[in-house]
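Just below is one structure, and these are the notes that go with it.
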Amino acid sequence: MQVIILDDEQHVSSHAADWVQELVNKKNDAVLGLATGSTPINLYKNLVKLHKEQQLSFKNISSFNLDEYYNIDPQNPQSYRSFMNENLFDHVDIDKSKTHLPTCNKDQNPRAQGLIYEQQIKDHNGIDLQILGLGANGHIGFNEPTSSLSSRTRIKTLTKQTLIDNSRLFKPDEEQPKMAMTMGIATIMESRYVLLMATGKNKAQAVKDMITGPVSAMCPASMLQMHENVVIILDKEAASELENQEYFDFAEQQNTLISDLHGLLHNY
Ligand code: F6R
């Protein structure tokens, strides 16, 4: 795991944007795995800026989102499709027919929909770079604690903590969905590169469990310890419970001395 600790959320987002820019510049038809939630909003803002100011083009990019609420109309402002349109897709030159979310409505079979999503990812030759946020309970995607570490795209019931954490995003008259389709942990583990961002004090315990805890279904993100190419970008608050902070800072300083380690994406 490469752990990078930066001063604040702004630095985390712009550093993450550098990785995405590097990938898109190296492989203009890359397959991106995308996340929603508060954490990636500024990353997407930075990508829009890079598109407008530096002609970063998403024309040939395909994308697969981690998750989508069960049985939600894509037009619903709370759908993750709406989130992606609003925060990224409507502001760059991506072809929306190449953007995918794991949808399932009440007339569809969630198992069949999960298999279709997995097949679509395979048909695109897998995900090059998966962007992740981190739940305060250690979830990635909506793989809540106790999720199988070998899970695939499927339907999950959200935990009470996740429902409470996300209730801030719903107005009193809006119904908050309790189930979602999500990529599984095994699906995420097959991405060639993983970039996880976490910011704020409320993520500090989950960050510690993810990086230094045992690999356990109780902290689904801890499975990333088994991935070959992961970069974790944290702000100081999210890193505050880590005992090895000095080592991570030292390792990052050393890395910058070796030009080949400047970029994460050495296989492209
Ligand atoms: C969203 C997702 C979730 C979030 C996580 C953190 O697509 O997969 O795992 O990344 O719940 O959410 P925020 O960023 O709102 O704290």
Side-chain angles (χ1 to χ4, degrees), residues 1-6 9 12-13 16 33-41 43 65-70 80 102 127 129-169 176-191 193-245 248:
M1 276 182 164
Q2 184 178 357
V3 179
I4 302 175
I5 304 169
L6 301 172
E9 198 271 328
V12 171
S13 308
L34 299 174
T36 56
S38 310
T39 311
I41 289 178
L43 160 65
N65 264 76
L66 281 167
D67 35 29
E68 176 59 288
Y69 287 123
Y70 171 66
Y80 287 166
I127 292 171
L129 176 65
Q130 176 65 57
I131 309 288
L132 294 176
L134 177 67
N137 63 2
H139 74 212
I140 44 176
F142 275 135
N143 296 286
E144 298 283 31
T146 72
S147 286
S148 160
L149 299 179
S150 311
S151 50
R152 294 278 165 186
T153 305
R154 70 211 182 291
I155 192 162
K156 282 293 286 180
T157 302
L158 308 184
T159 59
K160 221 170 192 178
Q161 183 177 353
T162 299
L163 290 169
I164 293 168
D165 287 349
N166 288 355
S167 60
R168 70 186 194 282
L169 306 167
Q176 186 179 3
K178 312 217 168 16
M179 296 179 94
M181 294 291 291
T182 180
M183 273 186 205
I185 298 176
T187 325
I188 293 169
M189 290 294 288
E190 275 173 9
S191 311
Y193 292 89
V194 174
L195 190 166
L196 183 144
M197 289 177 286
T199 57
K201 189 88 191 145
N202 69 324
K203 302 290 172 72
Q205 185 59 46
V207 164
K208 183 181 183 191
D209 295 344
M210 166 177 68
I211 297 174
T212 61
V215 174
S216 157
M218 290 313 291
C219 176
S222 64
M223 188 61 184
L224 296 175
Q225 292 175 28
M226 308 288 284
H227 195 289
E228 200 184 352
N229 294 305
V230 183
V231 64
I232 313 257
I233 312 183
L234 307 170
D235 70 355
K236 287 211 158 98
E237 289 191 331
S240 58
E241 293 291 327
L242 282 176
E243 279 148 28
N244 329 41
Q245 275 187 56
F248 293 131

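This structure is a prediction, so every number in the text was calculated from the model and none was measured.
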With no hydrogens and no angle check, is any side-chain donor or acceptor of [X] less than 3.5 Å from a backbone partner on [Y]?
| X | Y | answer |
| --- | --- | --- |
| K203 | L134 | yes |
| S222 | S216 | yes |
| D235 | G200 | yes |
| E68 | Y80 | yes |
| S151 | I185 | yes |

Under 4.5 Å between any side-chain heavy atoms of [X] and [Y], yes or no?
| X | Y | answer |
| --- | --- | --- |
| Q2 | I232 | no |
| I5 | Q245 | yes |
| R154 | S147 | yes |
| Y69 | L158 | yes |
| Q161 | P145 | no |
| V194 | I140 | no |
| E228 | M189 | no |
| V215 | M223 | yes |

Do N166 and Q176 have a side chain donor and acceptor closer than 3.5 Å?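 Judged by distance alone, the side chains do not pair up.
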
Would you say the side-chain atoms of E243 and T212 include a donor-acceptor pair closer than 3.5 Å?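 No.
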
Please lay out, stage by stage, how R168 and S38 fare under the test side-chain contact (heavy atoms from CB on, under 4.5 Å). CA-CA 11 Å; R168 70 186 194 282; S38 310; 2.5 Å; yes

Where is the tightest heavy-atom contact between [X] and [Y], given as atom of each residue plus distance?
| X | Y | answer |
| --- | --- | --- |
| T39 | E9 | O-OE2, 4.1 Å |
| P220 | N143 | CG-O, 3.1 Å |
| G138 | A206 | N-CB, 3.9 Å |
| I127 | M183 | CD1-CE, 3.5 Å |
| E241 | A204 | CG-CB, 3.6 Å |

Identify which one of V230, L242, L196 satisfies the side-chain contact (heavy atoms from CB on, under 4.5 Å) criterion when paired with I211.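 With I211 as partner, side-chain contact (heavy atoms from CB on, under 4.5 Å) holds for just one option, L242.
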
Roughly how far, to the nearest 0.5 Å, is [atom2] of [Y] from [atom1] of [X]?
| X | Y | atom1 | atom2 | answer |
| --- | --- | --- | --- | --- |
| M179 | T157 | CE | OG1 | 3.5 Å |
| M1 | M210 | CE | CE | 6.0 Å |
| Q205 | C219 | CD | SG | 9.0 Å |
| Y70 | K156 | OH | NZ | 16.0 Å |
| L195 | I131 | CG | CD1 | 5.0 Å |
| T146 | M218 | OG1 | CE | 6.5 Å |

With side-chain contact (heavy atoms from CB on, under 4.5 Å) as the test, would you mind laying out the steps for L66 and I188 before giving the verdict? CA-CA 8 Å; L66 281 167; I188 293 169; 3.8 Å; yes

E144 and N137: CA distance, side-chain angles, deciding distance, side-chain contact (heavy atoms from CB on, under 4.5 Å) verdict: CA-CA 8 Å; E144 298 283 31; N137 63 2; 2.9 Å; yes

side-chain contact (heavy atoms from CB on, under 4.5 Å) evaluation trace for D165 with N202: CA-CA 10 Å; D165 287 349; N202 69 324; 5.8 Å; no

